[in-house]
Amino acid sequence: MDEKTLRVVTRAALEPLPGLLRDRGFTVVGPTIREAAIVYDEIESLADLPIGWTDEQGPGGYRLRRRSDEALFGYNVGPHSWKGRFHPSDVLLFQAQRNGRDVEFTAPPTESPPVALFGARACDLAAVAIQDRVFLGSASIDPIYATRRRGAFVVAVHCTQAGGTCFCESMRTGPRATRGFDLALTELLGAGEHRFLVENASERGAEIADRLASRPASSEDLAAARAGVERARTSMGRKLDTDGIRDLLYRHAESEVWDAVAHRCLSCTNCTMVCPTCFCTTVEDVSDLSREHAERRRLWDSCFTLGFTHLGSGSVRTSTSSRYRHWITHKLASWHDQFGSSGCVGCGRCITWCPVGIDITEEVGRLREAEGSRAP
Amino acid sequence: MLPVPYRVQRRRQESHDTFTLELSRSGSAPGLEFAPGQFNMLYAFGAGEVPISISGDPARPDVIAHTTRVVGGVTRVLSRLRRGGTVGLRGPFGNGWPLEQSRGRDVVIVAGGIGLAPLRALLYALTANRGRFARIALVYGARTPEDVLFGAELERWRTSADVEIAVTVDRATESWAGRVGVVTALLRRLSFDPANAVGMICGPEVMMRYAAAELLSRGVAPDSIFLSIERNMKCAVGHCGHCLFGPLFICRDGPVFPYERVETTLRVAEL
Amino acid sequence: MKDLEHLLREHPFASGLPSAALSLLVGCASNVQYEPGEYLFRTGEPADRFFILRHGEVAVEVYAAGRGRITIETAGEGDVLGWSWLVPPHRWLFDGRAITLTRAIALDGACLRAKCEANHDLGYELLKRVTHVMAERLTSARLQVLDLYGDGSGDVV
């Protein structure tokens, strides 16, 4: 970051930003409150943001609470990530029409207006980069993802506070976003007026930033921004020791740790649904009553379901312990082999949204303990 | 991603639960080039899509044969198709058997049950260029004499293509004059040059583990033994996650793997 | 006799056997031949021999009323057939019937048992080899019981 190019925009001067994005053809999606949770949805203006709200998160717990200020981004990540925008949870793959003995297949229109992610956190941008590798990084490109992802504008927000289940520091994905954005905001509260440090990382980011009334950042502004990110860094609710983690998991393909976690795990699939990198899908084939028209839809799926590994002779992973092992081993170990990085970004969602509070960082800890107790 | 409509040219009942569909594109559309060992996703209208290996002759890309067993709803609908019916086809996917690597070497093929289907495509390719390979042997285990597939082809390859063929069944009927027992027992009796042999195995996982162990004990190198692994598949392009086998995507990295790459993964239950 | 010794030494069953032991083995060996349909042994008869198959196919069978002769396993060239000679009460538990013209080396079990009792080193060498044959048969039988090529419902014929 070149600190000389940073500018400061006041809370009032930030007001036009969603409109500027919309004027450029973007559908603006940002955090907003629905059913007592902060989710990502289309926003009209800054007023749609969860102004003055924060979230309290812990294993199996999530609560919104009023803040004592009017912060726009005074919370961490909710149950939604951006994956639903690019990798929809339910999408039509094709329609099939029978004409006598012929069958005609038609793909749905793939055009999709470009989206602007408003208020994307570092962990979630790391997750987008990971899903980019999954869906665009091999010889076969997912056309649905590619279409929706193309041209997306990103307004990042550097986290200045950490939640109870956050561990992006451990996964080296945050709390400061380092790439994958056009504009990045650091919200400055407390001393001085409510304002934002604005950093632009692309030409189109600069073009929009130029339209916001701003002043050059002072050394106080920069110090406050640095202090905010530092505060987030040092107050992570969780830690995960990633040292040698890939081999740690491979070594423990068979371990009593999996049986212990299976006693608590409900196989409910919540962790995989809220995970910003979990990408698994299934398909659903339906036909109408006349049997003349059929369609195939793609739906998010989860490796925690029994049917996930179904073969003619039955399912491969029938036990919950094998499914948890598969999930965490894929996330933290085999992901490295497949996509060159961890599949975990440390957002903590799987911990928060697990109904029984199973904590991925604790389970890795248990593996390390199991290993320690076995060492000579 | 979109299936291509293919017409059923011929449907053949291979055994009480196994059938072959021979598919062609309509009109003058080009055929489907494929490598033996690859698979297609076959879509039955409204019912769904299943991965099925190609069992036909790679030299005939205009007629794509799939041999499968009725094991669920989609294969049941496929089994009811008749000449002129339409299926959706996506493919071919995956890698194939190591034909190039087998040049000049003894090729030992071990098939179990429906596992013979993708190996039939291999046998077409091997026998089409018979001179490129040293000894070719097929050891094939079926459940009962009634379950033995492709009898006519096996006989033709035995008599006119210099392929050594040994068929065995798990359960014999009184009229069966052939061998009874498991494929590993036949492998033990087979004479070949282990130092210069390539093993290719397809069948139930347990059978493949024992067959690979037998080849290893005979002295075949672990990088010269190949297995075709089966897992659930939805997308066939490495995006749906269903076929993950340790770090491997069966659909994209396989389905054919050298034994050394899957040995440890095969040993862990429910992986 | 030279021929038999040569044939035995070539066979994996005798591989690594000290030459003194091999000579003892040869002393109990004879060449045999069976026409298709001929029995090598029958259930209940004294198991006084075992066979090293040199050529042909032998069905190991059991008769079941209503189902006829059921072949449990076939043995072929190179296989060692029979261990009842070593296990009391030394009686065959199945039928062994030649399917094709079968040539084999028959080893006299009574002769070998006596020599093994007198010479435990020889006994141990033979036991190791017979155990290996039994282990292979047991593994095969277990795999057959699994009904691997079935539809997974576990039904047995």
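Please read all numbers here as calculations on a predicted model, not as lab measurements. Order of the sequence lines fixes the chain letters, A, B, ..., with proteins taken first and strands second; residue numbering starts at 1 for each chain.
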Spacing of NE2 belonging to B/His242 relative to NE2 belonging to A/His310, to within rounding of 0.5 Å
12.0 Å
Would you mind checking which part of A/Asp288 comes under 4.5 Å of any heavy atom in chain B, side chain (CB onward), backbone (N, CA, C, O), both or neither?
neither
I need the residue from B/Pro3, B/Pro5, B/Gly48, B/Gly72 with the largest number of non-hydrogen atom pairs under 4.5 Å to chain A.
B/Pro3
If one checks every heavy atom of A/Asp142 against chain B at 4.5 Å, the contacting part turns out to be both
Can you tell which part of B/Val70 gets under 4.5 Å to a heavy atom of chain A, answering side chain, backbone, both or neither?
neither
What residue in A/Ala253, A/Pro143, A/Ser319 has the most heavy-atom pairs under 4.5 Å with chain B?
A/Ser319
Could you tell me whether A/Glu284 atom CD has more than 12 heavy atoms of other residues or ligands within 6.0 Å of it?
no
Among residues 226-237 of chain B, which ones touch chain A with a heavy-atom distance under 4.5 Å?
B/Glu230, B/Arg231, B/Asn232, B/Lys234, B/Val237
Give a yes or no answer on whether the side chain of B/Glu270 reaches the backbone of A/Thr318 with a donor-acceptor pair at less than 3.5 Å.
yes
SG of A/Cys280 to CG of B/Leu244: how many Å apart, nearest 0.5 Å?
6.5 Å
Close aromatic pair by centroid cut-off 6.0 Å: A/Phe135 and B/His239
yes
How many angstroms lie between CG in A/Leu93 and CG in B/Leu2, if you round to the nearest 0.5 Å?
9.0 Å
In this structure, are over 12 heavy atoms from other groups packed under 6.0 Å from B/Arg83 atom CZ?
no
Considering only heavy atoms, which portion of A/Gln131 lies under 4.5 Å from any heavy atom of chain B: side chain, backbone, both, or neither?
neither
What part of B/Ala269 gets closer than 4.5 Å to chain A, counting heavy atoms only: side chain, backbone, both or neither?
backbone
B/Tyr210 OH: over 12 foreign heavy atoms closer than 6.0 Å
no
Examine whether an atom of A/Val286 lies under 4.5 Å from a heavy atom of chain B, and if so say whether it belongs to the side chain, the backbone or both; otherwise answer neither.
backbone
Name the region of A/Leu299, side chain, backbone, both or neither, that has any atom closer than 4.5 Å to a heavy atom of chain B.
neither
Part of residues 324-331 of chain A lying next to chain B, heavy-atom separation under 4.5 Å
A/Arg325, A/His326, A/His330
Is it the case that more than 12 heavy atoms not belonging to A/Gln97 sit under 6.0 Å from its CD atom?
yes
SG-CH2 distance between B/Cys240 and A/Trp300, expressed to the nearest 0.5 angstrom
16.0 Å
Residue pair B/Phe45 / A/Arg291: nearest heavy atoms and the distance that separates them:
CE2-O, 3.2 Å
Less than 6.0 angstrom from the centroid, inside 45 degrees of the normal: does A/Arg296 satisfy that with respect to the ring of B/Tyr43?
no
What one should report as the nearest heavy-atom pair of B/Pro247 and A/Tyr250 is CB-OH, 3.7 Å
Output the distance between atom CZ (B/Arg82) and atom CZ (A/Arg101), rounded to the nearest 0.5 Å.
11.5 Å
Part of B/Leu271 within contact of chain A (heavy atom distance under 4.5 Å):
both
Please classify the contact between B/Glu205 and chain A as side chain, backbone, both or neither, with a heavy-atom cut-off of under 4.5 Å.
neither
Chain B: which of A/Thr309, A/Asp301, A/Thr281 shares the most heavy-atom pairs with it under 4.5 Å?
A/Thr281
Contact summary for A/Gln338 and B/Gly246, nearest pair of heavy atoms
NE2-O, 4.0 Å
Interatomic distance, A/Phe105 atom CZ to B/Arg90 atom CZ [nearest 0.5 angstrom]:
10.5 Å
Please rank A/Glu295, A/His293, A/Arg323, A/Glu104 by heavy-atom pairs under 4.5 Å with chain B and give me the top one.
A/His293
